[in-house]
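Just so we're clear, the structure is a prediction, and the values are computed from it rather than from any experiment. What you see below is based on every heavy atom in this structure, not just the backbone, and it leaves out hydrogens, waters and symmetry mates.
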Amino acid sequence: MKRLLFALIWLCTFTVYAKLPALIPREILFGNPERADPQISPDGSQLTWLAPDKSGVLNVWVSAVDGANPHPVTNETDYPIHYYRWAANGKYILYLHDNNGNEIQGGSPKQGTSAEGLIGTAYLEYAE
């Protein structure tokens, strides 16, 4: 019994307590990426990606493949864009936009044409 008590005291004396790692900040887990979803135009002359604008809303940006003249081609101010694709001709960018949570009715496009559906409103933007 004395040996067991001695072993228990010895074990408790030399036990190393590990500290828990620091929590990951919410901004890193749930914040906007610097750049996301890069795509090259069908003709290979332009590069697009999703990035936040000055107000922190994700918009579609475009530049030459070498990175010259990056600029946003969308100007959404309320809800971020999460999905976009190049049109096959390389002149338009199709993106989905949530209009105040109204996925069924869609909304009026700011430029180009729209296709109303169950997911959201699809917009066409000129890529140039």
Side-chain angles (χ1 to χ4, degrees):
M1 183 70 174
K2 288 183 181 182
R3 287 185 181 178
L4 182 60
L5 184 61
F6 177 74
L8 185 60
I9 292 172
W10 182 82
L11 184 62
C12 289
T13 303
F14 295 104
T15 301
V16 177
Y17 292 97
K19 291 185 180 180
L20 292 175
L23 294 176
I24 299 172
R26 287 184 185 186
E27 180 63 30
I28 292 174
L29 288 176
F30 302 111
N32 284 332
E34 289 181 25
R35 290 187 178 190
D37 197 15
Q39 298 178 25
I40 297 177
S41 64
D43 65 0
S45 66
Q46 298 181 75
L47 178 67
T48 56
W49 64 91
L50 293 173
D53 60 7
K54 292 178 183 178
S55 62
V57 179
L58 285 178
N59 278 284
V60 180
W61 290 65
V62 67
S63 74
V65 173
D66 63 0
N69 192 24
H71 60 281
V73 292
T74 60
N75 187 25
E76 298 301 331
T77 56
D78 295 327
Y79 294 98
I81 296 171
H82 294 290
Y83 180 84
Y84 77 97
R85 290 292 178 257
W86 280 96
N89 65 6
K91 293 183 179 182
Y92 299 98
I93 295 171
L94 178 70
Y95 70 99
L96 295 178
H97 173 65
D98 186 10
N99 189 11
N100 287 331
N102 190 351
E103 288 87 6
I104 296 174
Q105 294 299 320
S108 299
K110 294 183 173 123
Q111 293 181 359
T113 61
S114 71
E116 296 179 8
L118 297 177
I119 296 175
T121 303
Y123 295 91
L124 290 174
E125 290 287 342
Y126 292 100
E128 298 173 21

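In this structure, the side-chain contact (heavy atoms from CB on, under 4.5 Å) partners of P70, at least two apart in sequence or on a different chain, are W49, S63. Partners of D37 by salt bridge (charged side-chain N to carboxylate O under 4.0 Å, His left out), not counting sequence neighbours, listed by chain and number: R85.
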- Where do I93 and W86 land on the side chain to side chain contact (heavy atoms under 4.5 Å, CB included) test, with the steps shown first? CA-CA 5 Å; I93 295 171; W86 280 96; 4.0 Å; yes

- Message: Show, in sequence, the C-alpha distance, side-chain angles and deciding distance for H82 and L96, and conclude whether the side chain to side chain contact (heavy atoms under 4.5 Å, CB included) test is met.
- Response: CA-CA 7 Å; H82 294 290; L96 295 178; over 6 Å; no

- Just do the side chain to side chain contact (heavy atoms under 4.5 Å, CB included) check on H71 and V62 with the steps written out, would you? CA-CA 6 Å; H71 60 281; V62 67; 3.4 Å; yes

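Once rounded to the nearest 0.5 Å, the distance linking CD of Q46 with CG of D66 reads 11.0 Å. Once rounded to the nearest 0.5 Å, the distance linking OH of Y95 with CG of N59 reads 7.5 Å.
Grouping the Ile, Leu, Val, Met, Phe, Trp and Tyr side chains by contacts below 4.5 angstrom, directly or via other members, places V73 with I81.
With a 6.0 Å radius and a threshold of 12 heavy atoms from other residues, nucleotides or ligands, L23 has its CG atom at or below the threshold.
Between the side chain of S41 and the main chain of G90, no donor-acceptor pair closer than 3.5 Å is present. Put simply, the side chain of D53 never gets that close to the backbone of N75: no donor and acceptor are under 3.5 Å apart.
Nearest heavy atoms, P33 versus L58: CD-CD2, 4.3 Å. The shortest non-hydrogen separation linking N32 to P52 is ND2-CB, 3.8 Å. Contact between G44 and V65 at its shortest, heavy atoms only, is O-CG2, 3.1 Å.
Within the 4.5 Å cutoff, no side-chain heavy atoms of R35 are placed close to those of W61.
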